[in-house]
Number of protein chains: 2
Amino acid sequence: MPASLIDVSEIPSLSRQRLGDQIADVLRKQIVVGELAPGSRIPERETSLALGVSRTPLREALLILESEGLVTMAPARSPIVANPSPKEVVDLLIVQSALEALAGDCACDTITEEEIGHIEELHGQMVAQADSTESIDFFQVDMAFHQAIVAATKNAPLIKTHAQYNSRLWRARYLSSRRRVKKRSLTLAEHGNILEGLRNRDRKRTSRALEKHLKTAIRNISTILAEPGTDA
Amino acid sequence: MPASLIDVSEIPSLSRQRLGDQIADVLRKQIVVGELAPGSRIPERETSLALGVSRTPLREALLILESEGLVTMAPARSPIVANPSPKEVVDLLIVQSALEALAGDCACDTITEEEIGHIEELHGQMVAQADSTESIDFFQVDMAFHQAIVAATKNAPLIKTHAQYNSRLWRARYLSSRRRVKKRSLTLAEHGNILEGLRNRDRKRTSRALEKHLKTAIRNISTILAEPGTDA
DNA sequence: CAAGATTATTTGGTATACCAAATTATGAAT
DNA sequence: ATTCATAATTTGGTATACCAAATAATCTTG
């Protein structure tokens, strides 16, 4: 007796979402954190049964995830979790870098004082957790920091595209983050630089700081991906 | 007796694509050129019947188009062709601008001499058609010019994301292009500048030229969208 | 015993059936 | 005639059924 996906104790009339979207959310989360490993199969019948739904909405979810680049659907094979090549990861990072530089530029015009405050708070959390052994916490706040900057642009397409690139890069960046526990001070310094640019609403400084920050990430991840692949 | 979508006289064994993808291609083309007007309904039964397929693959196509931002699917209403607000169009253009600037930068490293030749040829076509009354031809070559630059980066995610933004912007840019027949010389001058940057593999010049070119487009489209909406 | 052919089974792709919500049409009451 | 309530119908969401291709298993044959 598989449990249904969500407790439907929400507002019964409003905000009903398609099942496919909900399933996509569930699977996306599992893929992003590596619970569903890259390359692993997602058989339609088995998975839909496990989720307590039929194949139809599961299929919709898989199509959504395919369009996001998280799932690969070959003609007559089981859908598999995307397993991006090193080159593809770098390509994704290059675009992500440009998106965040743009976001920094735009955010200087659109960000509110409250939003700056929120980002400062995130930065504070990262400083506080800099010595934490739980690398996952530090990493998640790091991601939230970047997301918050993009959100401050109020540019919906930019926010969505950035989120999608983030999903595809999450795993690679997490693995990179785990090996750089010793170098968190550099991350924090770069974040501080970005934050300073935002505070002064200095478009060039902010976008350049973000660009430089991402370039660092590209360099780090490139070296990791060059190694023979030892996974989590 | 509705005709089937495609003649299956292709290689029978290889490259078989899902019906949903093919339908998405058909509908995307119709949406992009305005054959399916913004805001118009796409009833599932009626449309699937007209295309000679069942609702299932049509629905897959609609989901793909929704994820591309070309179709809006509300909870219990017929899917409708997206009708982006002026603010959204500008937001899209801002991102597209950053994507093309990035492409120009990257392409300077990756573009081949053949590809430069191809782009020069496109430029030559535009020069030749500068006085053509068929604004559609000039416009399409214009789009191809930009696509070719992005393609030269060999960055698959960038190419795909750019293509999606292009789809969503196609109509707005076409309408803008039609009102600027008199100012094609400016477009050509800016393209020449971009091309020169590519020839010299000058990353800064190329990306700046593309950025400036897109900024011009944003300005033009903004003024058009500010007017009361008279359509095609 | 090994290798190839053939059958059985699994799996994705598509079509159809069913349901619930929403819209439209219809009719009664003021 | 207008307005509100109610019934009929349309429409999207989900489940199920069916088919063809691909894979796995089995059997036959050299």
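Since the structure is predicted, the reported quantities are computational estimates derived from the model, not experimental observations. All chains are named by letter (A, B, ...) in the order of the sequence lines, taking the proteins before the strands, and each is independently numbered beginning at 1.
- Nucleotide D:dA15 holds its P atom 12 Å from the CG atom of A:L49, rounded to whole Å.
- Annotation: of the two residues near DNA chain D, A:E60 and B:E46, the 5′-most nearest-nucleotide partner is B:E46.
- The residue among B:R45 and B:S54 whose nearest nucleotide of DNA chain C is located toward the 5' end is B:S54.
- The nearest pair of heavy atoms linking A:I159 to A:V150 is CG1-O, 3.7 Å.
- Exactly one residue among B:R173, B:R179, B:R180 makes a side-chain hydrogen bond (donor to acceptor under 3.5 Å, both in side chains) with B:N220. That residue is B:R180.
- Distance CD1 (A:I80) to P (C:dT11): 15 Å, rounded to an integer number of Å.
- Rounded to whole Å, atom C1' of C:dG12 lies 11 Å from atom CG of A:L58.
- Residue-level contact check: B:T56 touches the bases, meaning some heavy atom is under 4.0 Å from a base atom.
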Legend entry - Stepwise side-chain contact (heavy atoms from CB on, under 4.5 Å) test for B:H162 and B:E100: CA-CA 8 Å; B:H162 177 266; B:E100 295 206 1; 2.7 Å; yes
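- The side chain of B:R18 lies closest to C:dT14 when the candidates are D:dG12, C:dT14, D:dT23.
- In summary, A:E46 and A:R41 do not engage in a salt bridge, as defined by a charged side-chain N under 4.0 Å from a carboxylate O.
- Distance CE (A:M73) to C1' (C:dG12): 8 Å, rounded to an integer number of Å.
- For C:dT11, one of the phosphate oxygens OP1 or OP2 lies less than 4.0 angstrom from a side-chain nitrogen or oxygen of A:R41.
- Nearest nucleotide to the B:E44 side chain, out of C:dA22, D:dG12, D:dT14: D:dG12.
- Classification of B:K87 and B:D91 as a salt-bridged pair holds, one side-chain N sitting under 4.0 Å from a carboxylate O.
- Taking side-chain N and O atoms only, A:R55 has no distance below 4.0 Å to OP1 or OP2 of C:dG12.
- For the pair B:L51 CG and C:dT14 P, the interatomic distance rounds to 13 Å; values are reported in whole Å.
- Put simply, CG on B:L63 is 10 Å from P on D:dT14, counting in whole angstrom units.
- If you take CZ of A:R77 and C1' of D:dA20, they are 15 Å apart, rounded to a whole angstrom.
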